[in-house]
**Q** 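One structure, pasted below without further comment.
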Amino acid sequence: EEEVVTMLVTATNDSVKGGQAFFSMLDAAGTKDGKLEDDDLKVIFTGMDYNKDGNVDMDEWLNAMTYFAARIDKMMTMRLRMAFSMTDTDMNGQICKEEFKASFKPWDVNNDTMLSASEFVTGAMAAGDTQLEALYLFFRMDNNSDQSISKDEMKH
């Protein structure tokens with residue numbers, strides 16, 4: 001099972017990051033029906049075509065993608081703030097080492113003091129994230145791309 005999750009994580013690293021949030025934002029710009037159809041794409045394209053010349057040039061593309069990236073980061077920031085609040089069990093506005101360790105201890109199934117992709121995704125999904133959201137968070141935290149999150153990576 002761990003091998004399958006690792007293969008999935010490796011194969012989808014670039015495409016997963018923000019994929020679900022990006023799709024939701026694109027769908028929200030159109031019909032909001034969970035599908036991207038011609039009408040949705042026309043609305044999105046028209047929104048990206050700032051100078052209304054019927055084409056999207058590099059500057060327009062970059063502006064639109066920057067907007068979508070900022071929205072994705074805003075959503076992630078909100079989720080991370082929620083996670084902070086849940087970890088701060090004594091609600092003093094700070095997370096001490098004990099609270100921090102306690103929050104991830106149940107996720108570290110093999111007790112190696114690191115969270116593998118499988119452990120992280122399973123724990124995050126149990127906490128309410130979708131698999132895509134969990135993978136996105138995992139890749140944001142796995143700074144050295146070694147397919148695990150160490151104590152040092154959790155500090156940053």
Side-chain angles (χ1 to χ4, degrees), residues 1-37 40-41 43-44 47-48 58 61-156:
E1 182 179 282
E2 173 116 10
E3 190 174 314
V4 171
V5 172
T6 301
M7 285 177 16
L8 173 67
V9 167
T10 302
T12 60
N13 184 2
D14 293 332
S15 63
V16 166
K17 293 181 180 180
Q20 184 176 22
F22 185 66
F23 178 86
S24 296
M25 283 186 287
L26 292 177
D27 187 38
T31 57
K32 301 177 187 172
D33 63 358
K35 303 176 201 168
L36 288 180
E37 297 170 347
D40 297 318
L41 297 175
V43 169
I44 295 162
M48 291 191 318
M58 179 64 82
W61 175 260
L62 291 174
N63 284 334
M65 293 303 111
T66 299
Y67 168 78
F68 285 127
R71 292 280 311 263
I72 291 168
D73 281 344
K74 183 177 179 181
M75 290 187 318
M76 292 309 300
T77 298
M78 287 174 23
R79 293 196 70 119
L80 292 171
R81 286 182 187 279
M82 254 176 35
F84 180 92
S85 295
M86 291 172 61
T87 304
D88 181 19
T89 55
D90 62 8
M91 295 183 270
N92 68 351
Q94 299 177 351
I95 297 173
C96 66
K97 288 179 188 175
E98 290 76 23
E99 289 171 320
F100 189 77
K101 282 193 232 177
S103 69
F104 285 100
K105 181 84 172 132
W107 296 20
D108 186 15
V109 177
N110 63 2
N111 293 313
D112 66 352
T113 70
M114 295 177 64
L115 296 178
S116 68
S118 177
E119 290 171 325
F120 186 89
V121 169
T122 301
M125 288 176 67
D129 288 331
T130 67
Q131 185 177 25
L132 288 175
E133 290 167 334
L135 286 168
Y136 179 76
L137 288 171
F138 178 83
F139 287 117
R140 292 279 305 256
M141 294 177 72
D142 184 19
N143 296 322
N144 64 2
S145 299
D146 68 350
Q147 304 298 309
S148 63
I149 300 172
S150 66
K151 288 180 183 178
D152 288 338
E153 288 170 315
M154 286 187 202
K155 293 177 188 175
H156 300 289

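Just so it is clear, the model here is predicted, and its values are computed rather than measured.
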**Q** Do Thr113 and Asn111 touch side chain to side chain, with heavy atoms closer than 4.5 Å?
**A**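 They are not in contact (no side-chain heavy atoms under 4.5 Å apart), so the answer is no.
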**Q** With rounding to the nearest 0.5 Å, note down the distance linking OG in Ser145 to CZ in Phe139.
**A**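 That separation rounds to 8.0 Å.
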**Q** Evaluate side chain to side chain contact (heavy atoms under 4.5 Å, CB included) for Met65 paired with Met48, printing each intermediate quantity in order.
**A** CA-CA 9 Å; Met65 293 303 111; Met48 291 191 318; 4.0 Å; yes
**Q** Side chain to side chain contact (heavy atoms under 4.5 Å, CB included), that's the test. Do Phe138 and Leu115 meet it? Break it down for me.
**A** CA-CA 9 Å; Phe138 178 83; Leu115 296 178; 5.7 Å; no
**Q** Are Glu99 and Gln94 packed together at the side-chain level, in the sense that at least one heavy-atom pair is separated by less than 4.5 angstrom?
**A**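 With C-beta onward as the side chain, the pair stays apart.
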**Q** For Met141 and Ile149, which heavy atoms make the closest approach, and how far apart are they?
**A**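 For Met141 and Ile149, the tightest heavy-atom pair comes out as CB-CD1, 3.8 Å.
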**Q** If only atom types and distance count, is the side chain of Asp142 paired as donor or acceptor with the main-chain N or O of Asp146 below 3.5 Å?
**A**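 Flag set: sc Asp142 to bb Asp146 pair under 3.5 Å.
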**Q** Write down the atom of Asp108, the atom of Asn110, and the distance for their closest heavy-atom approach.
**A**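 Scanning both residues, the minimum pair turns out to be OD1-OD1, 3.0 Å.
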**Q** Considering all heavy atoms of both residues, which atom of Asp88 and which atom of Gly93 are nearest to each other, and what is their separation?
**A**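 Taking every non-hydrogen atom into account, OD2-N, 2.7 Å.
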**Q** First locate atom CG of Leu135, then atom CE of Met125, and finally report the distance between them rounded to the nearest 0.5 Å.
**A** 9.0 Å
